[in-house]
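Some notes on the structure that comes next.
Note that this is a predicted model, so its numbers are computed, not measured. Position 1 is the first residue of the sequence; numbering continues from there. Scope of the values below: all heavy atoms of this structure, side chains included, with no hydrogens, waters or symmetry mates.
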Amino acid sequence: MLIEQASAAGWQVQKRPAQMTRRLDFSSYSETRVFLDQLAELSERTGYFPNLNFGKTHVNVSIAARGDSLDQEELDFASQVDALAGQPQGQS
């Protein structure tokens, strides 16, 4: 069920190792930087620190499972990442 929810929201889900990844595109470097700053604040608040790769106008976010499989907490974090990026679920 969680895998289907994440996939429907636009995240690529991998089972081994369990993680979900999404590329987020932005229109400018300043927009990318604002997102990264907000994501840092979210990570500090939640204690969850995703792996990031980024360029001038994009960020790849990878959320690894803390256990053997993805759980609701990680899916909720992904939803918060989408909200920060202004990404409607199912689009990137």
Side-chain angles (χ1 to χ4, degrees):
M1 180 68 175
L2 291 176
I3 292 173
E4 289 82 13
Q5 286 178 307
S7 294
W11 291 82
Q12 294 181 349
V13 179
Q14 178 182 316
K15 289 185 177 179
R16 300 268 178 223
Q19 68 176 5
M20 54 186 154
T21 303
R22 184 169 188 176
R23 179 184 168 115
L24 301 165
D25 292 301
F26 301 94
S27 62
S28 66
Y29 172 74
S30 62
E31 192 176 312
T32 303
R33 186 173 171 162
V34 167
F35 170 76
L36 289 169
D37 289 344
Q38 291 174 333
L39 182 57
E41 291 173 11
L42 174 64
S43 292
E44 290 292 335
R45 213 173 41 248
T46 61
Y48 194 89
F49 298 89
N51 291 319
L52 304 172
N53 290 302
F54 58 93
K56 183 178 176 183
T57 59
H58 74 274
V59 178
N60 290 311
V61 180
S62 294
I63 299 172
R66 291 180 174 164
D68 292 337
S69 61
L70 295 166
D71 63 19
Q72 188 62 49
E73 184 178 350
E74 287 136 1
L75 191 61
D76 291 344
F77 184 82
S79 292
Q80 292 178 72
V81 169
D82 287 340
L84 288 178
Q87 300 285 324
Q89 293 190 354
Q91 297 180 0
S92 61

Nearest 0.5 Å please: distance from the [atom1] atom of [X] over to the [atom2] atom of [Y].
{"X": "E41", "Y": "L36", "atom1": "CD", "atom2": "CG", "answer": "11.5 Å"}
{"X": "F77", "Y": "L39", "atom1": "CZ", "atom2": "CG", "answer": "5.5 Å"}
{"X": "R45", "Y": "Q38", "atom1": "CZ", "atom2": "CD", "answer": "9.5 Å"}
{"X": "D82", "Y": "L24", "atom1": "CG", "atom2": "CG", "answer": "6.5 Å"}

**OP:** Determine, step by step, whether L42 and Y48 satisfy the side chain to side chain contact (heavy atoms under 4.5 Å, CB included) criterion, reporting the C-alpha distance in whole Å, the side-chain angles of both residues, the deciding distance to 0.1 Å, and the verdict.
**Re:** CA-CA 8 Å; L42 174 64; Y48 194 89; over 6 Å; no
Original post:
Given L75 and L70, is the side chain to side chain contact (heavy atoms under 4.5 Å, CB included) satisfied, shown in steps?
Top reply: CA-CA 7 Å; L75 191 61; L70 295 166; over 6 Å; no
Closest contact, heavy atoms only, [X] versus [Y]:
{"X": "R16", "Y": "Q14", "result": "O-NE2, 3.1 Å"}
{"X": "S43", "Y": "P50", "result": "OG-CD, 3.5 Å"}
{"X": "E74", "Y": "A64", "result": "OE2-O, 3.8 Å"}
{"X": "H58", "Y": "F26", "result": "CA-CD1, 4.3 Å"}

Original post:
What do the steps show when you test V81 against W11 for side chain to side chain contact (heavy atoms under 4.5 Å, CB included), and what is the final call?
Top reply: CA-CA 11 Å; V81 169; W11 291 82; 4.2 Å; yes
Original post:
Taking everything shown except R66 itself, do over 12 heavy atoms lie less than 6.0 Å from its CZ?
Top reply: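 Check passes, neighbour count above 12.
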Subject >> Within 6.0 angstrom of Y29 OH, more than 12 heavy atoms from elsewhere >> reply: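 No - once you tally the heavy atoms of other residues, nucleotides and ligands closer than 6.0 Å, there are 12 at most.
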Original post:
Is it true that a side-chain atom of D37 and a backbone atom of A40 form a donor plus acceptor pair closer than 3.5 Å?
Top reply: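 A pair under 3.5 Å: no.
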Subject >> Under 3.5 Å donor-acceptor, T21 side chain and Q12 backbone >> reply: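 Answer holds: no.
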**OP:** Would you check if E73 and D76 make a side-chain contact, meaning some heavy-atom pair closer than 4.5 Å?
**Re:**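 When only atoms from C-beta onward are counted, D76 and E73 do not touch, as no gap falls below 4.5 Å.
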Original post:
Quick one: do I63 and L52 end up in the same hydrophobic cluster if we chain Ile, Leu, Val, Met, Phe, Trp and Tyr together by side-chain heavy atoms under 4.5 Å apart?
Top reply: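 Linked within one cluster.
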